[in-house]
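Both backbone and side-chain heavy atoms feed into the values below; hydrogens, waters and symmetry mates do not.
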Protein chains: 2
Amino acid sequence: MSEDSAAVLDRSATGGEACAGGARSKPRDRIVAAARDMFHAQGFRGVGVEAIAEAAGTNKMTLYRHFGSKDELIVECLRSVFAEGEALWAALEERHHADPRAHLVAWVREKAEYVLTDCRGCTLANAAVEITEADHPARRYIEERKAAYRVRLTALCAAAGAAQAELLADALSLLLEGARVSRQSGGMDDPHTKFMRTAEAMIGAFAGR
Amino acid sequence: MSEDSAAVLDRSATGGEACAGGARSKPRDRIVAAARDMFHAQGFRGVGVEAIAEAAGTNKMTLYRHFGSKDELIVECLRSVFAEGEALWAALEERHHADPRAHLVAWVREKAEYVLTDCRGCTLANAAVEITEADHPARRYIEERKAAYRVRLTALCAAAGAAQAELLADALSLLLEGARVSRQSGGMDDPHTKFMRTAEAMIGAFAGR
DNA sequence: ATTGGACGTTACCGACCGGTAACAACAGCG
DNA sequence: CGCTGTTGTTACCGGTCGGTAACGTCCAAT
């Protein structure tokens, strides 16, 4: 009952690089990997640091040697999540750098698939819902990143020839965020389908066909 | 520091009836009223029963005489929130019973104003995000109510002459849910404005003009 | 006036949580 | 080899939380 979940999630947390041999990744990386999963699945307030350390195959003391507090660990997890999103965006950009409109609908498709796969929504948005302390460091970070994401999506919509790029970008954001939260609260079958259909219809309406 | 917040929220929690004289409403009603506010503002896991009882001008023991557990109280609060939504819907229906399309855009307007006013989103959806236990009684309730709300909105869209009533209803739901959560995570100025503009444009596209 | 039921008050319980101290084991590296 | 920095282990602290027991108080109905 003690070490049954140790080396299970021995992923390399830096990206997709293989960790040579049977060598475990460094404790810090395992901690943020485990914390990301558990925070996402059970909520930030629903997971204790001890459980995180155990799931990461280490212990609480080591965790606190790398992160000054649970709140710092939370912020680091959000950073990690956002970085992953950045990587996905960069991949899309590279694949469709010549055709912004194709980039945009590829983005919609990807997000739709993500909504289909994961039933616990956007970690950033969930954090905003769950972390209510106004001065929590995670709040500032979330706002920054959501804003940054918005200007990028707006730029893409503009590049795709949208009539009102900002309005289209915001509408798409609303739809996506709504699809993710609707997935959690039930009451709608296949929100990702509805998201994709409406989003693509919207792109068609704003950016010609 | 002890009884400074006692008789402050002495609202009659049954609706709009005036409570005659200076008579306080019953403890049970004050408890759910206080709990609703605090859960909404600070999250379900972020508020303790003792704080709720104190804010309601009573004490923990009385709270547990009315509610078997904190989880039961949570469900009761969700029930109360939903009942309030029902009342608002009924009022709209009565005012626009002859014109479903007017009813629909009035609904959009009302929700837009709500998004503008309240910065902590939909209590039902927040609960779905925050309460991660799969077997929590609140989960079942949320799913039921969201589903019920959906069939009603779909019926309204159909009555308003929408081409694809279900798709329109779901799209509006996505937009609304997205607007509410976007209000919390920042990154967008005036989500309610964007919600109203896109929603009305959508109604126009689906239900003629 | 008596009674019964709802409410208030205090104290308490066990469990958990975030965070820390102290010390042992272990690596790599000169 | 010895040294240094990272990790593992255990035990502990204060605080908070959900929930309960026991008893006192008040009011309303009979």
CD1-OG1 distance between B/Ile52 and B/Thr58, expressed to the nearest 0.5 angstrom: 12.0 Å

Rounded distance (Å) that lies between atom P of C/dA6 and atom CZ of B/Phe67: 15 Å

Integer-rounded Å distance: D/dC17 C1' and B/Ile74 CD1: 13 Å

Identify each atom pair where a protein N or O and an N or O of nucleotides 17-19 of chain C are less than 3.5 Å apart, giving names and distance.
unit_1 : atom_1 : unit_2  : atom_2 : d
C/dG18 : OP1    : A/Lys70 : NZ     : 2.5
C/dG18 : OP2    : A/Val49 : N      : 2.9
C/dG19 : OP2    : A/Tyr64 : OH     : 2.6
C/dG19 : OP2    : A/Lys70 : N      : 2.8
C/dG19 : O5'    : A/Tyr64 : OH     : 3.4
C/dG19 : N7     : A/Lys60 : NZ     : 2.9
C/dG19 : O6     : A/Lys60 : NZ     : 2.3

B/Thr62 vs C/dG8: side-chain N/O to OP1/OP2 distance below 4.0 Å: yes

Backbone N/O of A/Leu116 and side chain of A/Arg183: donor-acceptor pair under 3.5 Å: yes

B/Leu63 CG - C/dA6 P separation (whole Å): 16 Å

Lys/Arg-Asp/Glu bridge criterion (N-O < 4.0 Å) met for A/Arg197, A/Asp190: no

Interatomic distance, B/Glu54 CD vs C/dC7 P [rounded to whole Å]: 19 Å

5'-most by nearest nucleotide on DNA chain D - A/Thr58 or B/Arg65: A/Thr58

Nucleotide C/dA25, atom P - distance to CE of A/Met61 in whole Å: 18 Å

Under 3.5 Å: donor-acceptor pair, side chain of A/Ser80, backbone of A/Glu76: no

Rounded interatomic separation in angstrom, taking CG from B/Asp29 and P from C/dC7: 10 Å

Nucleotide D/dT6, atom P - distance to NZ of A/Lys26 in whole Å: 8 Å

Basic-acidic side-chain contact under 4.0 Å: B/Arg152, B/Glu93: no

Output a table of donor-acceptor pairs, distance under 3.5 Å, between side-chain atoms of residues 102-112 of chain B and any protein atom two or more places apart or on a different chain; print 'none' if there are none.
unit_1   : atom_1 : unit_2   : atom_2 : d
B/Trp107 : NE1    : B/Tyr149 : OH     : 2.9
B/Arg109 : NE     : B/Glu200 : OE2    : 3.0
B/Arg109 : NH2    : B/Glu200 : OE2    : 2.8

Between D/dG18 (C1') and B/Ile52 (CD1): distance, integer Å: 11 Å

Identify every side-chain donor-acceptor pair in residues 124-131 of chain B under 3.5 Å, counting partners at least two apart or on other chains, and give the distances.
unit_1   : atom_1 : unit_2   : atom_2 : d
B/Asn126 : OD1    : B/Gln184 : NE2    : 3.3
B/Asn126 : ND2    : B/Arg120 : O      : 2.6
B/Glu130 : OE1    : B/Phe44  : N      : 2.9
B/Glu130 : OE2    : B/Phe44  : N      : 3.0
B/Glu130 : OE2    : B/Arg45  : N      : 2.9

Nucleotide of C/dC7, D/dA21, D/dT7 approaching B/His66 most closely (side-chain heavy atoms): C/dC7

